[in-house]
Amino acid sequence: MEEKRNGNESKWWKSAVIYQIYPRSFADSNGDGIGDLQGIISKLDYLENLGIDAIWLSPVCRSPQDDNGYDISDYRDIDPMFGTLADMEELIAEAGKRHIRIIMDLVLNHSSDEHPWFQEAKKSRENPYHDYYVWRDGREGELPNDMRAAFGGPAWEWVPEVQQYYFHQFSVKQPDLNWENPKLRREIYDMINWWIGKGVGGFRLDVIDQIAKEPDQKITCNGPRLHEYLRELSRETFQKADLVTVGEAWGATLELAKLYSNPDNSELSMVFQFEHICLDQMAGKEKWDLAPLPFLKLKEVFERWQTQLHGKGWNSLFWNNHDLPRIVSRWGNDDEYRVESAKMLAILLHGMQGTPYIYQGEELGMTNVRYKMEEYRDIETLNLYQERLEKGYKEEEIMASIYAKSRDNARTPMQWDDGENAGFTAAAPWIRVNPNYKEINAAAQTAAEDSVFGCYRKLIRLRKEYPVFVDGEFRMLLKEDENIFAYTRTDSGSQLLVVCNFYDKTIDISLKELDNAGELLVCSYKDAGQTTVLRPYEARMYWKKS
Ligand code: GLC
Ligand code: CA
């Protein structure tokens, strides 16, 4: 009964797998070194072959590209660098023919300072657009408070014309929008409905937990009116169509996730939260302050989200996105066991409950890079470098942080083949190609069943074939084991068993569930090996009727 009442119980996105494209790094069709929409269209067959259901497209709207498109100056047009509105319509249609939906990235916390709203807003306090942004009176040189922006520097910028400061949680070119203003909210809803009219399949909501800021109280995440705004947004837009919506929420706890993804459909389909992926940093410090991954804690975090959100909300499953380093370099092994560890991480994640996200190149086991400083492009990395140099950090120490955590690790061009520039572009790419493209590329993997690509393709198929992937209850096994990540998923008729060796040593495993595990669905090695011995990064997934 309970299940029947749940508004989104049989939603398509519960068995879907979503693929994220970072357009500037995916495929360049016109030889300017920057990926574009026609480039994506030319690769739809590749994605159809992989088997994904939807593409989350990082922002393609018109933008000065201060933060690679996360600074939008026209929400209803495509940036010429990526193509035209007609190209976008073609992409939606061509993807649709392959049963792939397009999910747009909505950046609603802030706009570009070059957006006409902001251009008007800064003219005078009486301007009708002034209140679309967050302003505080003050005197030049005397900041309203000591809040800092995420990309370094103060969160306040002085505008002499109005003798006020505007608030920006990200770069100075990303002024925060004022959600307290109902006119601004209305404009946003109209814009979203316009895109829904164009046939998009859903939306990813950028830093959505930051829209309800209260700078006077130094509140950025989870402001008091956040869920009120989300419910209004959902009612005025998303609920009118069969869409998937996912909220990026760095500050989401389990309790908050239940609000965001309440099955009554009052807010969003699912939450995209980061608790598991922030574990390898020093407590209370920044992501650059590296610490080894606490493996038992990782297991505890996954278990908590898997068991406590079950039936009460919906989560995203991910290791990567355009802001995170490559998982195979981060928590796998990008050397001798690259293939095995990339598959292990895939199997570990894809057996769980939630909607899996694959970030471009993850399905090939693409790795991090170690570039010279002048080869980095990301505003966050460039600012961090300067800031830490000024604070007296040693060069090697800063570079170690950048190698491990720079967002550019994820933004190097997609490795299509072993030809020039990895087949990404015919010109000089906007960011250097990872030199390992001759070995790691799509052409070398798509035909091979035992490639990382082959493993991802299989996992995607399995999710569609076996309902237990979607509904099964999660139970963690061997909780205290320092090397093994093992769990079952169980529904009324069947059981999935996933057993993974997270490290590079061979280990004996004693687990009664292995005695009668059933059919081996997928393994990170070509051959099944011995049941009670796990080779380095060996992962196995079994299924049986119960
Ligand atoms: C999100 C995006 C990130 C961007 C930031 C500001 O975290 O994923 O790439 O820089 O928001 O829009
Ligand atoms: Ca191009």
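Atoms within a ligand are numbered from 1 in the order they appear, just like the ligands themselves.
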Take the Ca ion (ligand 2) and tell me which protein N, O or S atoms are nearer than 3.0 Å. Asp28 OD1, Asn30 OD1, Asp32 OD1, Ile34 O, Asp36 OD2
Here's one to test your reading of the geometry: is the NZ or CZ of Arg101 within 45 degrees of the ring axis of Trp12 and under 6.0 Å from its centre? yes
Once you restrict both partners to nitrogen or oxygen, which atoms of ligand 1 have a protein partner under 3.5 Å, and how far apart are they?
residue, atom, partner, partner atom, Å
ligand 1, 7 (O), Glu248, OE1, 3.3
ligand 1, 7 (O), Glu248, OE2, 2.9
ligand 1, 8 (O), Arg204, NH2, 3.1
ligand 1, 8 (O), His322, NE2, 2.8
ligand 1, 8 (O), Asp323, OD2, 2.5
ligand 1, 9 (O), His322, NE2, 2.9
ligand 1, 9 (O), Asp323, OD1, 2.7
ligand 1, 9 (O), Asp323, OD2, 3.4
ligand 1, 9 (O), Arg407, NH1, 3.4
ligand 1, 10 (O), Asp67, OD1, 3.4
ligand 1, 10 (O), Asp67, OD2, 2.5
ligand 1, 10 (O), Arg407, NH1, 3.0
ligand 1, 11 (O), Asp206, OD1, 2.9
ligand 1, 11 (O), Asp206, OD2, 3.1
ligand 1, 12 (O), His110, NE2, 3.0
ligand 1, 12 (O), Asp206, OD2, 2.8

Evaluate Ile440 against Gln445 for side-chain contact (heavy atoms from CB on, under 4.5 Å), listing each step before the verdict. CA-CA 8 Å; Ile440 305 171; Gln445 294 193 30; 4.2 Å; yes
Over 60° means perpendicular and under 30° means parallel, so classify the ring planes of Tyr166 and Phe118, tilted if in between. perpendicular
Compute both the distance and the angle, then confirm whether Arg330 meets the cation-pi test with Trp319: under 6.0 Å from the six-membered ring centre, within 45 degrees of the axis. no
Name of the residue among Asn409, Val369, Thr367 meeting side chain to side chain contact (heavy atoms under 4.5 Å, CB included) with Ser329: Thr367
Using ring centroids (six-membered ring only for Trp), state whether Trp314 and Tyr260 fall under 6.0 Å. no
Flag side-chain contact, heavy atom, 4.5 Å: Ile211 against Leu177: no
Are Arg24 and Trp430 in a cation-pi contact, defined as NZ or CZ under 6.0 Å from the six-membered ring centre and within 45° of the axis? yes
Tell me, please, whether Tyr165 has Arg136 positioned over its six-membered ring: NZ or CZ under 6.0 Å from the ring centre and within 45 degrees of its axis? no
